[in-house]
Amino acid sequence: MRTLVKHAHRSESEVDNILIQGWVRTRRDSKSFSFLEINDGSCLKGIQVIVDAGIPGSEQIALMATGASVEVNGRLVASQGKGQKWEIQATEVKLVGAADETYPLQKKGHTPEFLRSIAHLRPRSNLYGSVFRTRSKLAYAVHQFFQERDFVYVHTPIITASDCEGAGEMFRVTTLPQGKDGDPASDFFGKSAYLTVSGQLEGETFACALSNIYTFGPTFRAENSHTARHASEFWMIEPEMAFCNLEADMDLAEENVKFLCKYVLEECADDLELFGKFVDKQLHERLQFVVERPFQRFTYAEAVEILLKSGKKFEYEVVHGHNLQSEHERYLTEEHCKCPVTVYNYPKAIKPFYMRVNDDDATVAAMDVLVPGIGEIVGGSQREERLDVLKANMAKHELDEEAYWWYLDLRRYGSVPHAGYGMGFERMLMFVTGVHNIRDVIPFARTPGNAEF
RNA sequence: UCCGGCAUAGCUCAGCGGUAGAGCGGGUGACUGUUAAUCACUAGGUCGUAGGUUCGAAUCCUACUGCCGGAGCCA
């Protein structure tokens, strides 16, 4: 039976018969034997195999080059060399699939740009293997966080006809012939349909039935964005809570960020060490800091005051009532507080129709969690639960009430104060790995002009 | 979409007006309980594409394409 390399490394004692299957990372030949380093992706470290000349399969050793897949039978024994506790003294090796000299991954480091061009092979590199193992752990942690708190996981639709206004441009879904716009009424769904930009509106309906829910799934934005933190297809986590106000919403968001950081610190130590060495030297320290210290929290108005008093020269002027620019958010979280920051109560003019209007009638109960290096990682709000106020907001945003009839029904029948937020899964992953580009934390990233693989 | 930068060997880059270079990787050989091994030899390039300037262009100019970074939009 196959043993994963990860388990071989953790062995308490020698093992007489062990089978390892994986890919050759490197081979070093000696006169009478060879060292093979085998990696199977179960952990960062490969396992060293000693192949004596003459054992069954050793005649193929020359073909067991970097990239080849092999099967090794042997004894797990204490290593004579430095750098590993255990190694395998092979009794038999088998070349499963050769890789010739055109195999593009070298033993040395490659640039992320080059590795993106071979996205089908890059998970075989140390860094990307670590990133995608961490991605899996982080996804699991998301579920654990919400399940432990009695949230119900809801699968909101990927194809939708509702536009969560303010969330961005949408991809059209159609079966109409190419090149013809046609009448939406004659299209597959009898109306214009799109890939979802947010499950929030549908999420609200379930929160108003099951109390606390979350969604976790793919989201699509057709924005022509060319930045290190935007992708056309990404995963988003969207909790929604009934009988909940903005303050509890912010509390949960902060707890959520802390939980995920803590989980990764505990469960992905080896991979984090690699990120700390090659990607971001301060990573461990920063995650530790986030877990231990409370987030700073202030209103939009206070944030603007801080920015105005900072004496800092910004490219874009800080103006009351205007959106905070990226550079402003960065100053708040990276320089002024040097920790995650939650900004809340934004001017209502710059926020979408569904956010709850505060008593001052000037601001809405919206909040953003900003983290150093990434910027906005969470955006959320308390939702407008008062039918008349919501209708007035929709009128101001020039939205058609009829298209949102079911959304308005939530306010007609047993309306409750409720709140939620959206957390960008990849942005969270960037934050915990220190990886700077969103294209390097998605297995096959979709960005404008790029859908290879 | 806007602003800026880059494009030379499989990879990372040097060369910046006068006959295409290095390191790594590959191949061959030697050597060694090695671990991004070491040493020697060796193969490998229409210098992103198309124009232009010049006696002569990888090098200067223009356009295009691609990539990267920043902005906006946001997660």
Side-chain angles (χ1 to χ4, degrees), chain A residues 25-38 45-52 62 65-67 77 79-84 87 89 99-118 125-126 164-170 197-200 216 218-238 253 278 314-316 323-330 350-352 368-371 374-380 421-431 436-442 447-450 452:
Chain A
R25 278 297 173 78
T26 177
R27 189 184 83 231
R28 295 174 289 276
D29 295 318
S30 186
K31 193 160 217 141
S32 55
F33 62 95
S34 295
F35 294 105
L36 282 182
E37 190 187 323
I38 311 295
K45 226 168 132 55
I47 190 146
Q48 174 160 289
V49 176
I50 288 84
V51 181
D52 285 330
T66 304
V77 297
S79 177
Q80 298 172 30
K82 281 178 189 159
Q84 62 274 319
E87 63 186 18
Q89 182 69 50
D100 69 13
E101 67 280 357
T102 60
Y103 183 67
L105 284 170
Q106 300 175 186
K107 294 172 209 170
K108 282 212 165 186
H110 287 290
T111 59
E113 292 80 18
F114 171 68
L115 289 165
R116 275 172 220 153
S117 72
I118 50 165
S125 69
N126 284 340
C164 191
E165 185 254 318
E169 291 297 311
M170 304 177 85
V197 290
S198 166
Q200 182 201 314
F216 181 23
T219 307
F220 307 86
R221 304 276 167 92
E223 298 289 345
N224 193 12
S225 298
H226 292 267
T227 78
R229 58 187 191 287
H230 289 89
S232 312
E233 177 182 310
F234 63 98
W235 282 56
M236 189 153 64
I237 300 143
E238 296 184 288
F278 293 108
F314 293 108
E315 194 184 331
Y316 289 87
N323 248 319
L324 296 179
Q325 302 289 323
S326 285
E327 56 174 341
H328 304 150
E329 296 181 343
R330 270 211 311 277
I350 58 173
K351 289 292 182 183
D368 284 343
V369 178
L370 314 174
V371 296
I374 310 285
E376 186 179 342
I377 200 165
V378 170
Y421 58 84
M423 172 186 284
F425 181 63
E426 282 79 10
R427 288 195 182 167
M428 193 63 215
L429 188 56
M430 288 165 74
F431 185 63
H436 310 295
N437 198 307
I438 196 164
R439 284 168 272 208
D440 297 326
V441 298
I442 301 180
T447 52
N450 204 331
E452 189 70 37

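Protein chains get the first letters and strands the later ones, always in sequence-line order, with residue 1 at the start of each.
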### Task
Hunt down the Watson-Crick or G-U wobble partner of B:C16, both distances under 3.5 Å, from any strand shown, or write none.
none

### Task
Let me know the distance between CD of A:Glu169 and P of B:G72, rounded to the nearest Å.
17 Å

### Query
If you take atom types as modelled and just measure distance, does the side chain of A:His230 reach the base of B:C73 with a donor-acceptor pair under 3.5 Å?
yes

### Task
Could you work out which one of B:U35, B:U1, B:G69 sits closest to the side chain of A:Asn224?
B:U1

### Task
Starting at atom CD of A:Glu113, determine the distance to atom P of B:U12, rounded to an integer number of angstrom.
8 Å

### Query
If we call it a pair only when both distances are under 3.5 Å in a Watson-Crick or G-U wobble match, what pairs with B:A71?
B:U1

#### Entry: For atom CD of A:Glu376 and atom C1' of B:G72, their distance in whole Å
14 Å

### Query
In the strands shown, is B:C39 matched to any nucleotide by a Watson-Crick or G-U wobble pair with both distances under 3.5 Å, and which?
B:G29

### Length of the CZ-C1' vector between A:Phe431 and B:A75, whole Å
15 Å

### Message
From CG of A:Asp100 over to P of B:G10, roughly how many Å is that when rounded to an integer?
### Response
15 Å

### Message
Between A:Leu324 and A:Pro448, which residue's closest nucleotide on RNA chain B lies nearer the 5′ terminus?
### Response
A:Pro448

### Query
For the side chain of A:Asn450, counting heavy atoms from C-beta on, which of B:C67, B:C11, B:A71 is nearest?
B:C67

### Query
Is the A:Phe114 ring parallel, tilted or perpendicular to the A:His110 ring (thresholds 30°, 60°)?
tilted

### Query
Do A:Arg229 and B:A75 share a donor-acceptor pair, side chain to base, under 3.5 Å?
no

### Task
Could you run through nucleotides 22-31 of chain B and give me one letter per nucleotide, 5' to 3': B if any protein heavy atom sits under 4.0 Å from the base, S if only the sugar-phosphate is that close, - if neither?
--BSS----S

### Message
Roughly how many Å apart are B:A14 and B:G56, using the P atom of each and rounding to a whole number?
### Response
29 Å

### Task
Let me know the distance between CG of A:Leu115 and C1' of B:C67, rounded to the nearest Å.
14 Å

### Query
Where the side chain of A:Glu223 is concerned, which of B:C73, B:G33, B:G69 is the nearest nucleotide?
B:C73

### Message
What is the distance, to the nearest angstrom, from the CD atom on A:Glu329 to the P atom on B:A75?
### Response
11 Å

### Task
Tell which nucleotide pairs with B:C11, taking only Watson-Crick or G-U wobble pairs whose two distances are both under 3.5 angstrom.
B:G23

### Task
Select one nucleotide: of B:U12, B:G69, B:U1, the one nearest the side-chain heavy atoms of A:Asn437.
B:G69

#### Entry: B:U53 - base-pair partner by Watson-Crick or wobble geometry, distances under 3.5 Å
none

### Given B:G33, B:A75, B:C73, the nucleotide with the shortest approach to the side chain of A:Glu87
B:G33

## Note on the structure
As its Watson-Crick or G-U partner within any shown strand, both distances under 3.5 Å, B:G45 has none

### Query
According to the 5.5 Å centroid and 30° plane-angle thresholds, does A:Phe425 stack upon the nucleobase of B:A75?
no

### Query
If you find the nucleotide of RNA chain B closest to A:Arg427 and the one closest to A:Arg330, which residue's nucleotide is nearer the 5' end?
A:Arg330

### Query
So, do A:His328 and A:Phe314 have ring centers that fall under 6.0 Å from each other?
yes

### Task
Give the nucleotide from the list B:C73, B:C11, B:U35 with an atom nearest to the side chain of A:Thr227.
B:C73

### Summary
A:Asp368 CG to B:A75 P, in whole Å, measures 7 Å

#### Entry: Minimum-distance nucleotide (side-chain atoms of A:Phe35 versus B:C11, B:C74, B:U34)
B:U34

### Query
NA contact type, A:Met423, heavy-atom cut-off 4.0 Å: base, sugar-phosphate, or nothing?
nothing

### Summary
Taking a pair to mean Watson-Crick or G-U wobble geometry with both distances below 3.5 Å, B:C6 pairs with B:G66

